[in-house]
Number of protein chains: 4
Amino acid sequence: MSKIATPPPKRRGRQRSAAAEAAILKAAGELLARLPLCEVTTDAIAQRAGVSKATIYKWWPNKNLVALDALGASVLAQLAIPNTGSARQDFAEQLRSTIAFYSSQPGRLLRQFLAEGQNDAEFLKLFRDRFLKPRRDSLLTIWRRGVERGEIRPGVDGELVLDLIFGPMMYRLLVGHGPLDDIQATAIVDVVFSGLQKGPH
Amino acid sequence: MSKIATPPPKRRGRQRSAAAEAAILKAAGELLARLPLCEVTTDAIAQRAGVSKATIYKWWPNKNLVALDALGASVLAQLAIPNTGSARQDFAEQLRSTIAFYSSQPGRLLRQFLAEGQNDAEFLKLFRDRFLKPRRDSLLTIWRRGVERGEIRPGVDGELVLDLIFGPMMYRLLVGHGPLDDIQATAIVDVVFSGLQKGPH
Amino acid sequence: MSKIATPPPKRRGRQRSAAAEAAILKAAGELLARLPLCEVTTDAIAQRAGVSKATIYKWWPNKNLVALDALGASVLAQLAIPNTGSARQDFAEQLRSTIAFYSSQPGRLLRQFLAEGQNDAEFLKLFRDRFLKPRRDSLLTIWRRGVERGEIRPGVDGELVLDLIFGPMMYRLLVGHGPLDDIQATAIVDVVFSGLQKGPH
Amino acid sequence: MSKIATPPPKRRGRQRSAAAEAAILKAAGELLARLPLCEVTTDAIAQRAGVSKATIYKWWPNKNLVALDALGASVLAQLAIPNTGSARQDFAEQLRSTIAFYSSQPGRLLRQFLAEGQNDAEFLKLFRDRFLKPRRDSLLTIWRRGVERGEIRPGVDGELVLDLIFGPMMYRLLVGHGPLDDIQATAIVDVVFSGLQKGPH
DNA sequence: ATTTAAGCGAGACGGTACGTCTGGTCTTTAT
DNA sequence: ATAAAGACCAGACGTACCGTCTCGCTTAAAT
């Protein structure tokens, strides 16, 4: 799928057209910016890219994976990890910017990927590995620093910490049963850090 | 769509066939027990129910809403709300049983509904109102009791509390990036109640 | 089919509604005046007549027969048979007026009946007996007078004579491969009377 | 539709599958041999041909035109034009063989085409041009020779002559109000040549 | 006056063909 | 060998019409 190393650059016949790959991803990206994933057809991508459908299927097993490549794994990773000296503040800021991202067009696409993934385990795994994993690895840094600084008690798995903070956001995002703004973001981080219990803090 | 009040049970023409409706929902249910939502076709439902496709489209705008009715709003509400005297324990138990439910066949279907909802806002709203809302209303009881007993500090919105507890579960369920078992359930509730901070407890 | 003798006009239950029958035929007639037979649906007739579809099917076996009744058997018979003293002139005039009729809206309907009849022998027979038979019986008068007067040689079957005169018209009407006007009508009758042969006339 | 000139047989992509087209026409032909046109469905043709319905609709706008192609324009033209030296005899023989043809299975189909044509002017024109025109052109030869030989008086349009001979046949064929056999055929040609008038012949 | 046998409007129903659409594969010719 | 063009298969989609049916009401003859 696209990421072929091609170290021996001289094969027998016509070389793979880098132009074609680029055109496909560009076309897919442009279409996905306007339409939801399920309304973007392979034919439309091929036509807009000036490329044969067969060429698409030659390099990608299906439309969803084209979309995955089109979005670019970079997109989430680009959210830089802050370091204010407070894990709580860092997480709050990350949560806010993540919410903002998921409300943008490319963010909406990620939700659609998640939806598609419910019917395609393989695709879900790819989505997870390409988009979420790197992002979560970055976010773990905040957690690690928090533990080192003594802000966060050890004994709680970092992965779980991330889910506690970003899970509620994702839930609201997907179900849409409640608001999702900076106030909510702050409230989420507050509870996760301070707990629900009454207590001396 | 099924929920026709019909308090005046005497309309002029032929009555809507209860048998047909039941057969449709039964057929849909049986198919959905074996196949994922996206592989269940309207034709298959009609054929299995011994019913005309036109009859289905007369009463439901599309397949997804048939499935919604087929599952039955009851399914989630059936999880009884415990009352152990401890909100923390009640939530932990609920979280565990909810996880178990979502791992069952009907639970998987709910995830597919959520997926479909990402491309159909109207359907998402229906799903929310019919399945999640009643369940969440029940769960709020646990929260309310917790506040009254002094276990949970006031000032945190009940809805948010539910998302803090069930959001992480949903996230793992949909993304599948980590395990989801009783241990995780307990850990989630622990953190939400005690917080991540080091503190005197 | 409508023409029930009903000599014992006292049956047990509610009497057949003359109003309903009239409304059905009127509605069908109005629709057939605007639309081709194949685009007039039973539902449309029922709705326009303010009548239940079941009432239609109670008295007519299908839509085509309703149309047959709606048109009224009278329509063709209304073309009066002239008596100029010359069978040739009488036939010529009849041919012209028949052509004119078949170009009118009700005439077009007759062609559609003929078309339907190609797939429904029973319907064809009814159409023949109700519309064509009486008309042809009238036209035979012209032939008979011609024979009596000595204009037409005996030994040619009267039915065949009618076909020789009206067959070519019908053919052009249905196939549309050539014009059909008064000139053609005259030419047809001329040849049928004088023959193609060169001869002393 | 089928008659694509394709003199430059080199287009870029995959060529239209001759096998598919042949299979479709073969399947349609076989079905039409057993069933009336109106009972042959597009799905049945597709299935029997082992072809996708989309392929059919790609090349033909509807079922009727498939049937038109399936029958093959050749069918009527295959009736060879005799040359006995007598136009009257030639016409009589042609009329007899045409009657025989229209009583055969493919002939019945032609009548159904004519019926369909009453509701579809475009289809009627195609039917006329593909089936009737060539046949009539051939038959005109008989007329022309008759005129040249002095058997047939000039001044009567050849097209009209054909209608005078074949119109009565068609009329009886479609309406079915009288017999249609060799005796009738002979009688028709007799009258058309000799005329109805008493006269010295 | 009561029964009883229709007739009737409303409209739901099973059946089935239609023509459209999309996903993904395959073939042909050109590079 | 790969690409572009585009034909192909499979099969689901939602719509439409047909003719049947069921329901509750109305009418009028028979009791």
Side-chain angles (χ1 to χ4, degrees), chain A residues 11-17 19-20 38-44 46-47 49-64, chain B residues 10-17 19-21 38-44 46-47 49-59 61-63, chain C residues 9-17 19-21 38-44 46-47 49-63, chain D residues 9-21 38-44 46-47 49-59 61-63:
Chain A
R11 276 156 315 177
R12 256 291 279 278
R14 175 172 175 173
Q15 300 306 315
R16 175 170 181 189
S17 160
C38 63
E39 288 181 22
V40 174
T41 68
T42 317
D43 284 278
Q47 188 172 348
V51 142
S52 160
K53 234 192 334 174
T55 304
I56 296 180
Y57 280 104
K58 166 126 211 178
W59 300 108
W60 289 274
N62 61 52
K63 182 185 62 174
N64 287 339
Chain B
K10 302 296 179 185
R11 278 158 316 178
R12 186 61 182 283
R14 177 174 179 173
Q15 303 309 107
R16 176 173 180 181
S17 161
E21 177 173 358
C38 61
E39 288 181 22
V40 173
T41 70
T42 315
D43 281 281
Q47 189 171 347
V51 143
S52 164
K53 220 178 5 158
T55 303
I56 296 181
Y57 280 108
K58 165 130 212 179
W59 299 110
N62 60 55
K63 183 186 59 177
Chain C
K10 304 298 178 185
R11 276 156 315 178
R12 188 65 179 284
R14 175 176 179 173
Q15 300 311 103
R16 175 174 182 178
S17 160
E21 178 173 358
C38 63
E39 288 181 21
V40 174
T41 68
T42 317
D43 283 279
Q47 188 172 348
V51 143
S52 162
K53 232 187 344 169
T55 303
I56 297 181
Y57 280 105
K58 166 126 211 177
W59 301 110
W60 289 274
N62 60 53
K63 180 186 61 176
Chain D
K10 306 295 180 186
R11 276 160 316 181
R12 187 62 180 284
R14 176 175 179 173
Q15 302 312 105
R16 176 173 180 180
S17 161
E21 177 172 1
C38 62
E39 288 181 22
V40 174
T41 69
T42 316
D43 282 279
Q47 189 172 347
V51 143
S52 164
K53 226 180 355 162
T55 302
I56 296 181
Y57 281 107
K58 164 128 213 182
W59 299 109
N62 59 54
K63 181 186 60 178

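Every chain is numbered from 1, with letters handed out A, B, ... down the list of sequences.
For the OP1/OP2 pair of dG24(E) and a distance below 4.0 Å, the side-chain nitrogens and oxygens of Y57(A) include at least one atom meeting the criterion. The phosphate of dA12(F) (OP1 or OP2) has no side-chain N or O of T41(B) nearer than 4.0 angstrom. A sub-4.0 Å separation between OP1 or OP2 of dA4(F) and a side-chain N or O of T55(A) is present. Close to dG7(E), at under 4.0 Å from its OP1 or OP2, lies no side-chain N or O of W59(C).
Comparing V40(D) and A54(B) by the nucleotide of DNA chain E that holds the closest heavy atom to each, the one mapping nearer the 5' end is A54(B). Each of A44(B) and R14(C) lies near DNA chain F, and the nucleotide nearest A44(B) is the one positioned closer to the 5' end. Residue order along DNA chain F, read from the 5' end via each residue's closest nucleotide, puts A18(D) first among N62(B) and A18(D). Residue-to-nucleotide proximity on DNA chain E shows that, of S52(A) and S52(B), the 5′-proximal contact is made by S52(B).
Protein atom CD of Q47(C) is 10 Å distant from nucleotide atom P of dA10(E), rounded to whole Å. When rounded to the nearest whole Å, the span between CD of E39(C) and P of dT15(F) equals 20 Å. Distance, D43(A) CG to dC8(F) C1': 13 Å, rounded to whole Å. When the P atom of dG11(E) is taken as reference, atom CD1 of I56(C) falls 15 Å away, rounded to whole Å. Remark: P of dC9(F) and CD of E21(D) are 12 Å apart, rounded to the nearest angstrom. Put simply, NZ on K58(A) is 17 Å from P on dA5(F), counting in whole angstrom units. As rounded to whole Å, 22 Å separates atom P of dC25(F) from atom CD of Q15(C).
Counting non-hydrogen atoms under 4.0 angstrom, K53(C) reaches a base of the nucleic acid. Using a 4.0 Å heavy-atom distance criterion, A46(B) is classed as making no nucleic acid contact.
Of the possible polar contacts, one joining the K63(A) side chain to the V40(A) backbone as a donor-acceptor pair under 3.5 Å is found.
The shortest non-hydrogen separation linking Y57(D) to T42(D) is OH-OG1, 3.3 Å.
Taking a 6.0 Å sphere around CD of Q47(C), one finds it holds 12 or fewer heavy atoms contributed by other residues, nucleotides or ligands.
The NZ atom of K58(C) sits 11.0 Å away from the OG atom of S52(C) when rounded to the nearest 0.5 Å. How far CD1 of I56(A) is from CG of D43(A): 8.5 Å, rounded to the nearest 0.5 Å.
Picking from dC18(F), dT27(F), dG19(E) the nucleotide with the shortest atom distance to the side chain of T42(C) gives dC18(F).
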